[in-house]
Amino acid sequence: MTNAIFLIKLTLPNQNKKMKFIRICFVLLLFTQAALAQETKLATTPPMGWMSWNIMSENPNEKDIKEMADAMISSGMVKAGYQYIFLDDCWQGGRDNKNNIIPNPKKFPSGIKALADYLHSKGMKLGIYSDAAPLTCGGYTASLNFEDQDAKTFASWGIDYLKYDYCNAPEDVETAKTRYGKMARALRNSGRAIVLGICEWGPREPWNWGAQVGGQSWRTTYDIRDKWLDIEGKGGVGIYNVVDKMAGLASFSGPGKWNDGDMLVAGLHGAKGPSSAFKGVGCTKAEYQSQMSLYSMLNSPLYASCDIRKMDDEAKTIFTNTEIIALNQDALGKQAERKIKTDIWDVFIRPLADGDFAIAILNKSASTQKAKVNFADLGLTGKYELKDLWQHQVIGKNNKWTGEVTAHETKVFRLKKG
């Protein structure tokens with residue numbers, strides 16, 4: 001910017017007023033485009049990682065976080081694309097005598113910067129948590145009226161992502177937009193590129209305004225529980241509740257702006273903790289696999305939440321399916337659209353950057369069903385090579401697919417024209 005200003009001063013004395021105005025406007029336009037380009041570099045694909053809440057809840061700590069990062073590497077998750085450790089609520093230790101937010105010294109004796117440095121040395125990133133109110137959901141120190149100061153602190157620690165919650169805040173949408181916008185500006189001015197994840201749970205419809213105020217993702221529903229479907233309506237949601245909600249939000253999703261379906265629950269199996277509340281007793285393999293499939297089709301950020309140090313082969317296989325992950329991370333960034341919705345079936349389709357298409361066929365019923373899907377009904381003419389992305393094999397070349405789908409299973413195919 002210094003060089004550009006010098007250029008204006010150097011050329012202005014020898015130009016008429018009209019040319020002066022044109023040159024100034026041109027330079028300002030370049031600055032604006034550069035600023036926008038810089039912002040769009042954040043979260044060009046949905047963030048992927050692991051979140052501490054379901055396992056560590058109110059006791060996140062340095063030792064366990066490092067162990068989880070090491071397990072993510074040894075399990076192959078980092079190689080598959082999972083970069084972040086998302087440090088959720090309850091890490092805070094209040095503020096120091098200069099009002100700088102500080103970590104709990106017993107939980108993080110080496111400090112947050114040391115933790116970030118540890119992750120960065122392994123090619124990973126660190127996300128942190130705060131709230132747009134005086135106190136967080138867990139009753140810990142939050143960031144209202146300290147946005148600039150906290151953003152600079154996070155930047156000095158090497159933070160890469162901020163999950164910004166909305167507990168203890170007013171219910172109206174305008175206040176939410178103001179508070180999230182203020183933190184977004186603070187992060188942009190912090191001197192570090194930090195992704196902002198808006199977490200107000202959906203009642204104020206953040207997909208309508210989240211990108212405009214500076215967020216890169218926004219939660220679409222209340223907290224997910226370890227179950228397929230919430231029918232009680234007393235708190236939390238199930239996997240399909242989230243999918244059904246996000247299915248109608250495709251127009252709001254794209255590079256740098258993502259509908260966030262909350263945590264992946266594979267591997268939890270009803271484990272005691274936040275995910276087990278409100279009858280979160282666990283899911284079947286097909287249901288866990290469907291969440292991974294459908295979240296990838298719908299461009300949700302992917303963040304596991306089970307204990308990676310102890311996860312079973314089933315969860316590992318689900319999390320590290322690179323062909324499914326490739327849909328989520330596709331450079332085109334176009335969220336799947338639901339083309340068919342009946343009492344039994346949901347069928348989604350999305351175009352991919354290389355010209356292929358992905359199709360997901362979900363059986364919502366409680367028993368095995370036989371499906372027959374004509375690709376022409378989805379707007380695809382001609383014959384396609386079909387690859388089953390869970391079987392990892394090409395199953396033929398056709399203009400339709402017929403087969404059995406078990407209860408709550410999702411079949412996912414990549415279609416290549418030719």
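Predicted, not measured: the structure shown is a model, and the values here were computed from it.
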Residue pair S296 / M292: nearest heavy atoms and the distance that separates them: OG-O, 2.9 Å
Short side-chain donor-acceptor distance under 3.5 Å, Y295 and N328: no
Polar side chain donor-acceptor pair, D356 to Y384, under 3.5 angstrom: no
Polar side-chain atom of S276 near backbone of G280 as donor-acceptor pair, under 3.5 Å: no
Derivation and outcome, side-chain contact (heavy atoms from CB on, under 4.5 Å), residues C306 and F319: CA-CA 11 Å; C306 69; F319 292 145; 3.8 Å; yes
Spacing of CZ belonging to R309 relative to CE belonging to M72, to within rounding of 0.5 Å: 12.5 Å
Under 3.5 Å donor-acceptor, H408 side chain and K364 backbone: yes
Donor-acceptor contact below 3.5 Å, side chain R350 vs main chain K334: yes
Salt-bridge criterion met for D160 and R192 (N-O under 4.0 Å): yes
Output field: ring centroids F357/F375 closer than 6.0 Å: no
Any donor-acceptor N or O pair under 3.5 Å, side chains N259, W218: yes
D226 side chain to H269 side chain, donor-acceptor N/O pair below 3.5 angstrom: no
Heavy-atom donor-acceptor pair, Q289 side chain to A286 backbone, under 3.5 Å: no
Pairwise side-chain contact, L268 with I55, heavy-atom cut-off 4.5 Å (strictly under): yes
Basic-acidic side-chain contact under 4.0 Å: E404, K411: no
Between CG on residue L362 and OG on residue S290, distance to nearest 0.5 Å: 5.5 Å
Under 3.5 Å: donor-acceptor pair, side chain of S305, backbone of L264: yes
Side chain Q83, main chain G81, donor-acceptor under 3.5 Å: no
Point-to-point distance, once rounded to the nearest 0.5 Å, from CD of E200 to CG of D131: 12.0 Å
Steps toward salt bridge (Lys or Arg N to Asp or Glu O under 4.0 Å) verdict (K66, D70): CA-CA 6 Å; K66 286 184 175 181; D70 293 342; over 6 Å; no
Short side-chain donor-acceptor distance under 3.5 Å, W201 and D165: yes
Expected output: side-chain K152 to main-chain G191 donor-acceptor under 3.5 Å: no
Exercise: do Q92 and N104 side chains pair donor with acceptor under 3.5 Å: no
Donor-acceptor contact below 3.5 Å, side chain T175 vs main chain D172: no
Test item: T136 side-chain N/O and D89 main-chain N/O as donor-acceptor pair under 3.5 Å: no
Inter-residue atom distance I361.CD1 - S293.OG, 0.5 Å rounding: 11.5 Å
Straight-line distance of N208 CG to L249 CG, nearest 0.5 Å: 8.5 Å
Working for salt bridge (Lys or Arg N to Asp or Glu O under 4.0 Å), residues D312 and K285: CA-CA 11 Å; D312 53 23; K285 176 183 177 181; over 6 Å; no
Step-by-step side-chain contact (heavy atoms from CB on, under 4.5 Å) determination, V412 to I359: CA-CA 6 Å; V412 186; I359 291 178; over 6 Å; no
Residues forming a ring-ring contact (aromatic ring centres under 6.0 Å, His included) with F86, sequence neighbours excluded: Y84, Y161, Y303
Close aromatic pair by centroid cut-off 6.0 Å: Y129 and W91: no
Derivation and outcome, salt bridge (Lys or Arg N to Asp or Glu O under 4.0 Å), residues E232 and K227: CA-CA 12 Å; E232 296 86 11; K227 59 183 179 180; 3.4 Å; yes
Parallel, tilted or perpendicular: rings of W207 and F252 (30°, 60°): tilted
Distance-minimising heavy-atom pair for G111 and P103: CA-CG, 4.3 Å
Polar side chain donor-acceptor pair, Y222 to N241, under 3.5 angstrom: no
Carboxylate-amine/guanidinium proximity below 4.0 Å for D244 and R338: yes
Distance in Å, L115 CG paired with W157 CH2, rounded so as to fall on 0.5 Å steps: 10.5 Å
Residue from R219, R225, K163 passing salt bridge (charged side-chain N to carboxylate O under 4.0 Å, His left out) with D262: R219
Disulfide (SG to SG under 2.5 Å): pairs with one or both residues in residues 96-196, sequence neighbours excluded: C137-C167
Backbone N/O of G396 and side chain of K387: donor-acceptor pair under 3.5 Å: no
Between N99 and Q149: side-chain donor-acceptor atoms closer than 3.5 Å: no
Side chains of E62 and S110, donor plus acceptor under 3.5 Å: yes
Pair E147, S143: side-chain N/O donor-acceptor within cut-off below 3.5 Å: no
M68 side chain near D307 side chain, heavy-atom distance below 4.5 Å: yes
